Visitor: 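Please read through the structure below; I'll follow up with questions.
Everything numeric in this text was worked out from a predicted model, so none of it was measured. Sequence lines set the chain letters: A, B, ... in the order given, protein chains first and strands last, and positions in each chain run from 1.
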Amino acid sequence: MLPSQQYRQPDAGGVLAALHQVNMRYGYLPQDEVRQVAIELGVPLSQVFSAATFYASFSFTPVGRHKLQVCEGTACYVKGAPALMGHLQAELGVAPDQTTEDMTFTLKRVRCVGSCGLAPVVRVDNETFGRLTHSDLGIILDKYR
Amino acid sequence: MPTIVVDGQTLTVPEGATVLQAIRQAGVHLPTLCYWEGLPPYGACRLCLVDVVSPKPDTIAACAYPAAEGMVIETQGPRATAVRKIVLEFLLARCPTWNVIRAMAAEAGVTETRFPASTKADELCVLCGLCVRICRDAVGAAAIGFIGRGPERQVGPPFHLQAEACIGCGACAAVCPTDAVKIEDVDGQRILHTWNTRVPLEPCPSCGQPYAPEPMAFLREHVEASQHLWGLCPACRRKAAAAQLEVIREATFHALR
Amino acid sequence: MPADLEPLHAAGRASLYPDRIKITVGMATCGLAAGADAVYEALSQRIKQRELDAVLVGTGCIGFCQQEPLVDVRLPGQGRVIYTQMTRPRARALVDHLAQTGTLPVDRAWAVIDQEESLVEDRVERFSRLPELSGVPAYSQQPFFASQRKIVLRNCGFVDPASCEEYVARGGYRALAGVLSEMTPQQVIDEVTRSGLRGRGGGGFSAGRKWQVARDVPGETKYVICNGDEGDPGAYMDRTVLESDPHSVIEGVIIGAYAIGAHQGYAYVRDEYPLAVERLTNALAQAEAHGLLGENILGSGFNFRLDLVRGAGAFVCGEETAMISSIEGGSGEPRPKPPYPAVAGLWGRPTVINNVKTFSTVPVIMARGGDWYAAVGAPGNTGTVVFSLVGQIANTGLVEVPLGMTLNDLLEGIGGGSGNGRAIKAVQTGGPSGGCLPARLFDMRITYEEMTSAGSIMGSGGMVVLDESACMVDVARYFLDFTTVESCGKCTACREGTGHLRAILTRITQGQGTPDDLALMEEVGQAVKAGSLCGLGQTAPNPALSTLRYFRDEYEAHVIEHRCPAGKCPVGA
């Protein structure tokens, strides 16, 4: 059989949807699951891997129980996001894209969550907190600890 | 069939031709990295940028732009030349030690780059994507792909591990314009160093020398014409073909007498 | 009123204007980030405790982020009263006041909405107000809202985004019904063309012309894509519309599909907007259940499916060919144009891609006519534009104004100036693709052409206000850092060029720049603009080039005196 005969065209949005599903289930993309996506969709593994590495939402390493995203959109940037980020790094002892030792938080930068009117903003999982100062951060962290 | 002007030369090009095909047809020298005749245009290297003088002044990538009736193209237009030179400076900084790029840049009059050299001093890859595209679009194996995005982008096998879909054909190395894909045959294996991949080789039934990638066996069913030579390594195949030629020559010789 | 919509209309009116007290909490992402959920919780508990006969609902966003959380109260037959900056104690006090007196408190009553316009139905409904609230300004008199003209945002904050009925009660799906029963596809396109509507994603290409191209290309299979991949940091109007009025977008997409002859569409929404994804998903299911999507829409014989595709965090996917690649196969790699998507897009078929706001405008144009829309705004720049007014500005929020308004009227009139005693130095528009416009240009009119010739772009509408405390070199560095990381990496010019621009800007902010760097930056910037494959690279140098053009003195202070005038950069370090 010609190699290309093993492959078919995925449904529109199919590759992304499948990766999202794995990501939601595990919090990251385990290698075996990515291989499984390629088999199930009938698309080349190279293509699935390519997509998996293209997007900021996907990661290949296990993440903490909570995704802590510091918004670094323009409004947040001019209203003090870098200081919030510095504060959180010191408080948690991790750099962006790293997970705390107790696997509670994975610290992430996000390019804009679109709550610019309430800058600076931090998002934990799907909950967004606005108009933040350093002193608010402790309260927010405690809520998820 | 559109008629267009390339560097003052008027020519008629086939329907559906691109501006780059017209430029090549006109015999104008315009070296590129990501263009390959057998593949759809990609538009990544940006070395085929040319100026459109008419109808609407613009700078375009010739490889992907359809040639349209009445277009006037200048390959050495000021805007396009300036961009091409900067792009070559970018590539010199990316592949600081690579002679292929150095020679290409020198030909365009670029001998130095004003940008800091890449920290990866032995970088040979310019990300033209030909290896990925030939593997996917021509061979149909799609064994390798692009990985990551932006400054992190690279080409490679899934998970940087053995590319299971690789058939060892070596097309990636053959099309690479900068010889960045390293392949060698050692101890009955084809080692594709760049892809962390090894493919077993079948021995030649005549001399026993390992030579044919096992995963390419499927070709036997597809290429009937070569079946009587199939299985022979290139050296034995040459000998066999030469023997046939000898027969033909003798027959011709007798016929002419 | 088409018969199919009548029951929905009646149910919607009953929930919009119930015959008992109605308390509404603004619960889009902004409101929630300001604590709207806690306020909602407090209201709910207190209403129960006090046994107050009231309905409590969450709604979308009215756009006034500065004053969030917002709570509105409507007594039967009366105008809505807006209470700002609500907290749990204030929420409880509000319920107590209602329970004790049956009237509304004046304290924190910021405005009264005593007339509501139903744009699609061309109808204004007037309401009375309690005598004790006679001193509270009308909504239409508050400077923040007075010069706004809400077309895209017509329902935001006025309807419950989870209620298809309320959308219909404000004229929703009426335009669609009219189109399907009375108009040919060509008539729809002609009307959109006549309206002068231009792509609100920022490109500004005529929507009608794009639709015409896609319609004229022969072929049975065509697609419509709604671009909700709002990636510009500082812009959140698409999120707001999707979260607050999802049905307006769906209706617009269906009309667009009918016009070009598509039977399948996709709404691509960015992953960073989980609430928008949730509400749009919900709205799509409702539309299908009510026969507004799917087979034989409203009995017209027209079939159309609309599916949601969730992005995964890549700015470049907002570029239309990258979005197509992302939907087709995964990675968001742009392709050379031509061919344009309207000719050969998704799977090589004619594909119209328009922004969320463009689509949500379409039902109004269909209902009121292209000429009506064309009379709003300025010639050649018809209609309205939505801006997110953020950064160092007193009234942050989402505002919609007629095109052709001056920047000054927007920033001072609506925005109320910096609000911190410092002067506004510049506005950054159009996100990473846009530029910084200095205060001396604030007399400029907001049109696609004037923004572009000033070195910025209209873009998707992000407007980040910068006062004297901002360093323009640092702002440029911020954006180039963004585009370097967000470049897809396909073409040499953008992948390598944005990185080199970032490196130059970084060394300038660190005090290691030289005057030669300024010329180099200019040269590289022009090359990347001219040489890049897609819109991302073609506009990525704009923040650097525009700041260099208007704030050269700040650059010179960095490279000659090794000094940052705003005191932001570690130049001496």
Visitor: Please state whether the side chain, the backbone, both or neither of C:Glu523 comes within less than 4.5 Å of a heavy atom of chain B.
Guide: both

Visitor: Can you name the closest pair of heavy atoms from B:Arg79 and C:Ala530 and give their distance?
Guide: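 Shortest heavy-atom separation between B:Arg79 and C:Ala530 comes out as NH2-CB, 3.8 Å.
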
Visitor: In residues 133-148 of chain B, what donor-acceptor pairs under 3.5 Å come from side-chain atoms, sequence neighbours left out?
Guide:
residue	atom	partner	partner atom	Å
B:Arg133	NH1	B:Cys34	O	3.0
B:Arg133	NH1	B:Cys128	O	3.2
B:Arg133	NH2	B:Cys34	O	3.2
B:Arg133	NH2	B:Pro40	O	3.3

Visitor: Specify which of B:Val87, B:Leu127, B:Asp58 makes the most heavy-atom pairs with chain C at under 4.5 Å.
Guide: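 The residue among B:Val87, B:Leu127, B:Asp58 with the greatest pair count is B:Leu127.
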
Visitor: Do other residues, nucleotides or ligands put more than 12 heavy atoms under 6.0 Å from B:Glu112 CD?
Guide: no

Visitor: For B:Arg198, is the CZ atom crowded, meaning more than 12 foreign heavy atoms sit under 6.0 Å from it?
Guide: no

Visitor: Quick check on the interface: out of B:Ser118, B:Ala80, B:Cys45, who has the most heavy-atom pairs with chain C under 4.5 Å?
Guide: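 Result: the option with the highest number of such pairs is B:Cys45.
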
Visitor: B:Arg149 versus chain C, heavy atoms under 4.5 Å apart: side chain, backbone, both or neither?
Guide: both

Visitor: Mind checking the NE2-CD1 spacing from C:His500 to B:Ile86? Nearest 0.5 Å is all I need.
Guide: 10.0 Å

Visitor: For B:Leu91, is it the side chain, the backbone, both or neither that has a heavy atom under 4.5 Å from a heavy atom of chain C?
Guide: side chain

Visitor: Please flag which part of C:Ala503 lies under 4.5 Å from any non-hydrogen atom of chain B: side chain, backbone, both or neither.
Guide: neither

Visitor: Taking all non-hydrogen atoms of both residues into account, name the closest pair between C:Gly531 and B:Leu49 and its distance.
Guide: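 Heavy-atom minimum between the residues: CA-CD1, 3.6 Å.
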
Visitor: Would you mind telling me which of C:Gly499, C:Pro334, C:Ala493 has the largest number of heavy-atom pairs within less than 4.5 Å of chain B?
Guide: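 Heavy-atom pairs under 4.5 Å are most numerous for C:Ala493.
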
Visitor: For the backbone of B:Gly129 and the side chain of C:Lys490, can you confirm whether one donor and one acceptor N or O come within less than 3.5 Å of each other?
Guide: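 No, the answer is negative, given that no donor and acceptor are paired below the 3.5 Å cut-off.
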
Visitor: Which heavy atom of B:Val126 sits nearest a heavy atom of C:Arg495, and at what distance?
Guide: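 Closest approach of B:Val126 to C:Arg495, heavy atoms only: O-NH2, 3.5 Å.
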
Visitor: Given a strict heavy-atom distance threshold of 4.5 Å, which part of B:Ala61 is in contact with chain C: side chain, backbone, both, or neither?
Guide: neither

Visitor: So for atom NZ, which belongs to B:Lys120, do other residues, nucleotides or ligands contribute more than 12 heavy atoms lying within a distance under 6.0 Å?
Guide: no

Visitor: Kindly compute the distance separating OH (B:Tyr42) from CG (C:Leu533), expressed to the nearest 0.5 Å.
Guide: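 The OH atom of B:Tyr42 sits 9.0 Å away from the CG atom of C:Leu533.
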
Visitor: At a heavy-atom separation under 4.5 Å, does B:Pro151 approach chain C through its side chain, its backbone, both, or neither?
Guide: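 Contact with chain C involves both backbone and side-chain atoms of B:Pro151.
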
Visitor: Run the salt-bridge test on C:Glu496 and B:Arg46 with the 4.0 Å N-O cut-off and return the result as yes or no.
Guide: no

Visitor: So for C:Ser331, is it side chain, backbone, both, or neither that comes closer than 4.5 Å to the heavy atoms of chain B?
Guide: neither

Visitor: On a heavy-atom basis, which atom in B:Gly43 and which in C:Cys491 lie closest, and how many Å separate them?
Guide: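 Minimum heavy-atom separation between B:Gly43 and C:Cys491: O-CB, 4.2 Å.
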
Visitor: Taking atom OG1 of C:Thr492 and atom CZ of B:Arg84, what is their separation to the nearest 0.5 Å?
Guide: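 Rounded to the nearest 0.5 Å, the OG1-CZ separation comes to 13.5 Å.
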
